[in-house]
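One structure is given below, encoded as C-alpha cells.
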Amino acid sequence: MAVTILIPTALRAFTDRKAEVEVEGRTAGEAVAAFAGAYPDIRHHLYDDAGSLRSFINIYVGEKNVKDASGLETPVRDGETVMIVPAIAGGKALVRDSGACPDDTGRRP
Amino acid sequence: MSIISDRRLVALDNSEIPRYSRHLLLPEVGPEGQQRLKAAKVLIVGAGGLGAPLALYLAAAGVGTIGVVDHDLVEASNLQRQVIHSTRDIDRPKTESAKDRIRGLNPLVNVVTYNVALTAGNAMDILHDYDVVADGTDNYQTRYLVNDACVLLDIPNVYGSIFQFEGQATVFHAADGPCYRCLYPAPPPPGLVPSCAEGGVVGVLPGIVGTIQACEVIKLIVGVGEGQGLTGRLLLFDAWRMKFREVKLEKDPACPVCGENPVINELIDYEQFCGLTQPDEGMDGITPLELKARLDKEDPLQLVDVREQHERNVFAFEGAKPVPFGQVVRRMDELDPHTEAVFICKVGRRSALAIRALREAGYAGRMLNLLGGTNAWARDVDNSLPQY
Ligand SMILES: [Zn+2]
C-alpha cells in the first residue's frame, strides 16, 4: 500500500525539509518504520531505546489517533495519509534557565 | 453551555452599550453573553507571541478581569511578533507593558498582573481565582504545570502552541474531555527535537494561533452548543502552506491526572519531570579557547559544522565540514573515526544532539562538543564574526 506520511516542521530537519513522503506499509507502524528507514537520523526522535514510539509523538491515520485504534497495528488503506504530530511548546519562555532550548528566540540570555 | 453561571451576571451600564454593540447585535452573544464576558475572569499565562493577541482581543471583547503572568522584560527581538508591546516598552516588564496597552484599549477591564514565573509553588494560588486559563507559554514544564493545575482546579485550559510556522490549538477541559497529558503523556527529553531545534518563528503565526485561543475563550464564556468548541479536537495549522487540519482528541482512561485512577493529585516537580535536572552524561566539551589553542598547535582534528545552510550563509566556520544535524547519521561514513571530531552549532545544543545521535548509531570515534557554539567562538576567539 502506498501511503503518504505528513511530516511536521519539527522533523523536517531530517527530511531535507520535505513536508510529505510516500512510503509502503500495511499498518501505521509499517509506514512509520519505512519512513524512519528512509531517513535514519529521524529514528532516534521517533522511537525510544526499547523501540517504542516516544510519548511526545502521536500518529494519526486520517483523523484518528492510532492510540485510540489498534496502535501501530492500525491498518492503513492505499492512498491514506499518516500524520506525525509531535508536542510543540513554542509561544513564550516563562521559566528562566530551563535549559530547554537556548536557541529559542523568545528566551532571555 | 457557558462556564459563567447566571447568578454572576452583571448588568451593563449605558456607557458600555456602544462599545459592545457589534456583540449585542449577534444573537449568539447578545446582552446576556456580554454580561457573561463582563463577569468572567481569564488568566493569560505568558505575555508573549500568543499572549499578545489573547490579551488584546479579550480586552476588546469586554472580559471583565484579565490576569497576566509573565516575569520577563520586553526585548527588541520580541517586537517582531509580540504586538502588545511597543518599541518604547523595551526593558520594561511585559506585565506592565501589557497592562498599559489593555487599559488604553478598554479601561473597563480590571487587569491583574503577576510579574513572576509560574511555579508549582504559586500556580494553585494564582489560578484558582479564574474561570478560564489561556496557555501561551513556550516550554514543556510550564505546559504540564498549567495542565495539571487546571485539571486539579477544574478550570478549562485553552491551549495554543507554535513552532516555526506550525501551530496547534485545542481546549483541554478534563470535566468534558481530554487534558494535555491524555494527548502527550510525557514531553520530549531535552536535546530531542522538537524540544531543541533551531529557533525562529514567523511573526504572524502566534497572532493567528493566539487569536484562535481568544475565540475559544470567548465561546467558553458566552456558551456554545455541543461540538462547536475545540474540546476534543486538535486544530493543526501550517502557516507556510496555509493549511488547517483537524484530528480527534480522546480522553485517556489511564491518564495519570484526569483518568479513572489518577496518580497525580497535587502539583509535582516539573523541571524533574521534563528531565531538566539531569546532567548530560558523559559528553565531552571543548571551550572556544581550548579549540583555538589546539588548532594553533595543528592538532589533528576534524571540525563538523552541523548548522543549516542559511546559517552558514551568515558566516562559514573556517575549516569545518558542513553536515546539517539532521543528516549526521545518514552521512556518518564521511567522518573519520580515527581523528577526533569537534561538533559545532550556534549555541552548542544541536551539536550535542548530533553527538548523541552518532553515538547511538554506533560511531566509534572520539567526539567533542564546542561549548557555547559559534556564538561563544565569536565572543571569545574571533570578534570579527557576528553572534546571531
Ligand atoms: Zn488527561
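The sequence lines fix the lettering, A, B, ..., with proteins before strands; numbering per chain opens at 1. Worth knowing before you read on, the calculation uses all heavy atoms, side chains too, and leaves out hydrogens, waters and symmetry mates.
- Surrounding CZ of A:R77 are at most 12 heavy atoms belonging to other residues, nucleotides or ligands under 6.0 Å away.
- The choice from B:Y180, B:F165, B:Y270, B:W240 that makes the most heavy-atom pairs within less than 4.5 Å of chain A is B:F165.
- For A:L6, the part lying near chain B is the side chain, with the backbone staying farther off; criterion is any non-hydrogen pair under 4.5 Å.
- Within the 4.5 angstrom heavy-atom criterion, only side-chain atoms of B:Y159, from C-beta onward, approach chain A.
- The parts of B:E250 that come within reach of chain A are both its backbone and its side chain, each placing non-hydrogen atoms under 4.5 angstrom from that chain.
- For A:R26, the CZ atom sits in a loose shell: 12 or fewer heavy atoms of surrounding residues, nucleotides or ligands are nearer than 6.0 Å.
- Heavy atoms closer than 4.5 Å to chain A are found nowhere in B:L145, neither backbone nor side chain.
- Rounded to the nearest 0.5 angstrom, B:D138 CG and B:I162 CD1 are separated by 8.0 Å.
- Contacts of B:P185 with chain A are made by both backbone and side-chain atoms, with heavy-atom separations under 4.5 Å.
- If you measure heavy-atom distances from A:R12 to chain B, the contacts under 4.5 Å come from the side chain alone.
- Contact annotation for B:R233: neither backbone nor side-chain heavy atoms come within less than 4.5 Å of a heavy atom of chain A.
- Judged by distance alone, with hydrogens and angles left aside, the side-chain atoms of B:S161 form a donor-acceptor pair with the main-chain N or O of A:I88 at under 3.5 Å.
- No side-chain donor-acceptor contact under 3.5 Å links B:D70 and B:T95.
- Of all heavy-atom pairs between B:Q82 and B:A47, the closest is OE1-O, 3.8 Å.
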